[in-house]
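Note: hydrogens, waters and symmetry copies are ignored here, and every other heavy atom, side chains too, is used.
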Amino acid sequence: MAHNWLLYIAAFASAFAISIVMTPVAKTLSMKVGAIDYPKDRGMHKKPMPRMGGVAIVCGFIITVLMISPFVNEIEPKKLIGLLLGAIIIAVLGAFDDVKNLSAKFKLVVQIIAALIVIFSGIRIEFVIWPFTATFKALSAPFTLVWIIGVTNAVNLIDGLDGLAAGVSSIAALSIMVLCILTGSETAVVLMAALAGACIGFLPRNFNPAEIFMGDTGATFIGFVLSVTSILGLFKGYTILALVVSVFCLGLPIFDTLFAMGRRIVQHKPIMQADRGHLHHRLIDRGYSQKQAVVTLYILSIACGLLAIAISVRDIRVFLIVVLTVAVLSLVIYYFNHRIRRK
């Protein structure tokens with residue numbers, strides 16, 4: 001398949017520009033509607049912060065996709081409408097949550113509705129694994145629902161340090177974009193290019209010291225788009241390998257969430273109860289500064305993305321290069337960790 005590289009660049013650049021211009025607008029809007037994050041025990045900031053910056057990311061992505069979609073050859077209108085409608089519902093839910101702090105049960109119900117809209121639009125995870133093909137096909141909708149809800153909330157849970165969720169999501173989006181280029185899914189490439197551009201456009205005002213947070217408006221929206229687009233672009237082969245690759249692309253938020261759930265179950269605490277046990281909290285408690293912790297987690301996310309690409313390519317030479325790269329990144333992390341502990 002011949003790729004339209006100019007289209008991909010245009011999607012990234014458009015979303016980046018809209019997001020960076022809309023961030024100050026989102027900041028002003030946050031102040032007017034009372035979407036303010038006040039200092040709390042498990043938080044990292046010491047002053048009230050506007051927390052509806054995700055509006056900039058949402059605008060960057062949605063406007064770009066609407067402008068670019070007429071030029072995408074293989075686009076399926078029904079699926080695109082399902083994705084955009086579900087994403088808008090998630091963004092509106094997040095905006096209300098940033099202002100009113102909605103209950104977890106209510107948010108889950110709305111998230112399920114948004115996920116079902118996507119599923120009924122035709123976007124589903126389908127595995128063909130003989131002799132269990134019929135069983136997996138019957139479970140297609142539940143698998144898809146769990147995947148969308150899980151990734152949506154996983155990204156939200158890592159949004160605990162300045163620039164962490166936006167940066168990690170950018171890396172995940174770029175990793176999925178590369179994989180979608182390999183699978184030939186032009187629609188998914190455009191979607192991921194737009195999402196990466198929107199997230200990176202938000203980073204200048206969100207990186208430490210941040211002047212605005214993305215809030216649930218941005219974090220859940222990003223997670224939702226990542227989860228749905230990964231189905232569109234990476235599950236085309238309908239094999240279990242697609243799931244493995246997708247998990248590695250979104251490695252940091254997924255593994256951090258699974259560990260958090262396991263920890264709370266062992267400690268007999270509610271699964272949805274917030275605590276300071278996430279990986280980014282642990283790095284801070286070990287003496288890392290916010291910037292050091294965030295860069296460390298960026299490196300881990302890059303390593304996960306490279307592993308996903310290596311697994312997908314299935315070329316031993318590529319795999320060895322990626323393993324070497326991951327080893328070097330691990331040594332870099334160890335070196336900085338050792339310096340911090342000595343200090």
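S121 is not listed as a side-chain neighbour of L83, based on a closest heavy-atom distance of 4.5 Å or more. Taking 4.5 Å as the limit, some side-chain heavy atom of Q111 sits within range of a side-chain heavy atom of L93. Taking 4.5 Å as the limit, every side-chain heavy atom of I88 sits out of range of all side-chain heavy atoms of V58. Between L145 and I112 there is a side-chain heavy-atom pair separated by less than 4.5 Å. Residues N4 and E186 are in side-chain contact: their nearest non-hydrogen atoms beyond the backbone lie under 4.5 Å apart.
Under a 3.5 Å cut-off, the side chain of T28 and the backbone N or O of P24 do form a donor-acceptor pair.
Ring planes of F12 and F16: parallel class, angle under 30° (limits at 30 and 60°). Using cut-offs of 30° and 60° on the angle between ring planes, the pair F207 and Y298 is tilted.
Transitive grouping of hydrophobic side chains (ILVMFWY, heavy atoms separated by less than 4.5 Å) keeps M52 and F202 in distinct clusters. When hydrophobic clusters are built by joining Ile, Leu, Val, Met, Phe, Trp and Tyr residues whose side-chain heavy atoms come closer than 4.5 Å, directly or via intermediates, L66 is not grouped with I63.
Sorted by first then second residue, the salt bridge (Lys or Arg N to Asp or Glu O under 4.0 Å) pairs that include residues 81-102, not counting sequence neighbours, are D97-K107.
Listed by chain and number, the residues in a side-chain hydrogen bond (donor to acceptor under 3.5 Å, both in side chains) with T187 are E74 (sequence neighbours excluded).
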